[in-house]
Amino acid sequence: MTTVIDGKIAAASVIEAVKAAAAGLEAEAGVKTGLAVVIVGDDPASHTYVGAKGRMAKECGFNSIQHTLPAETTQGELASLVQSLNDDLSIHGILVQLPLPKHLDSDAIIQSIKPEKDVDGLHVVNAGKLATGDLATGLISCTPAGAMLLVRSIHGEDLSGLNAVVIGRSNLFGKPMAQLLLNANATVTIAHSRTRDLASVARGADILVAAVGRPEMVKAAWIKPGATVIDVGINRIDAPERGEGKSRLVGDVAFAEVSEVARAITPVPGGVGPMTIAMLMANTVIAAHRAAGRKPPKF
Ligand code: GUN
């Protein structure tokens, strides 16, 4: 029987642990965990994501602040907002929603966030700590951290002897995911659009992580029987069978056929997706504990 890994249940259990940790920090140290989310412009999808992050932060008992800036905001204005949030002792996590409007230099903004408040895990200091195996003092990018938690729910902490293949090499996901798997002792291959015979590389994987951004690209023939398949893709495709103009979400993996071969697989939606916000909350409560000189919870 194939296990369909339920990301909603895993995310809910992370959120329960975050709530308990935030309540404990407030009761014992008088510190309310603070998250500031910054959004520039009026991209509707970004506003939906940011709204969900703010609501979840409140549900976790955080002080949740949203800064909504107009699309014409200058680099200097945004930089000075980040600076003031860096200096604000009541704020433990800062997230600048991406993408920023084209006239702004996102990398300069992200790198100006204090690494200890970079709950997105995008600062080079946090990327470097992950790359050097320092998981104890850095902050890990939320989607790979969430995907890794799902891998651990199947295989446990130690992936010794297992081959892991990550398809995708982005700084946001593929590279940190590969580092996390390597840290857990997996033998890791990073494959990408220039890889020769991707199918045969994928077939070597005991753990296959797909982040290619192409709907249902990973087929059953790419899967080693009994493998664990983690699908990071979120693609909206036309669904005329649901009525004219309707669409639906699919992952990068052809779920129906791959679930016949895999031992465990994440669905889309309801797999990795719900984990991202949960790990953002986890990073924020970790940052608040560290700022207060307290031992942070582990997730
Ligand atoms: N836009 C889409 N996903 C993300 C994310 O994980 N972090 C930020 N900052 N922006 C995003």
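Worth knowing before you read on, the calculation uses all heavy atoms, side chains too, and leaves out hydrogens, waters and symmetry mates. Ligands are counted one by one from 1 in listed order, and the atoms in each one are counted from 1 as well.
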Peer 1: Among Thr266, Ile265, Val272, find the one that has a side chain to side chain contact (heavy atoms under 4.5 Å, CB included) with Asp231.
Peer 2: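 The option that passes is Thr266.
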Peer 1: Could you name the protein residues that come within less than 4.0 Å of ligand 1, counting only heavy atoms, and order them by chain and residue number?
Peer 2: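 Residues Leu95, Val96, Gln97, Leu98, Asp120 each place a heavy atom under 4.0 Å from ligand 1, listed by chain and number.
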Peer 1: Any donor-acceptor pair under 3.5 Å linking the side chain of Lys117 with the backbone of Ile91?
Peer 2: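 Yes, because the side chain of Lys117 sits within donor-acceptor range (under 3.5 Å) of the backbone of Ile91.
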Peer 1: Test side-chain contact (heavy atoms from CB on, under 4.5 Å) on Ile223 and Glu257; report intermediate values, then the result.
Peer 2: CA-CA 10 Å; Ile223 308 298; Glu257 61 178 80; over 6 Å; no
Peer 1: Once side-chain hydrogen bond (donor to acceptor under 3.5 Å, both in side chains) is applied, do any residues pair with Glu26, and if so which ones, sequence neighbours excluded?
Peer 2: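 Not a single residue meets the side-chain hydrogen bond (donor to acceptor under 3.5 Å, both in side chains) criterion with Glu26.
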Peer 1: Residues two or more places apart in sequence or in another chain: which of them pass side-chain hydrogen bond (donor to acceptor under 3.5 Å, both in side chains) with Thr143?
Peer 2: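 Expected list: Thr276.
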Peer 1: With sequence neighbours excluded, what pairs up with Ser13 under the side-chain hydrogen bond (donor to acceptor under 3.5 Å, both in side chains) test?
Peer 2: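 Partners of Ser13 by the side-chain hydrogen bond (donor to acceptor under 3.5 Å, both in side chains) criterion come out as none, since no residue qualifies.
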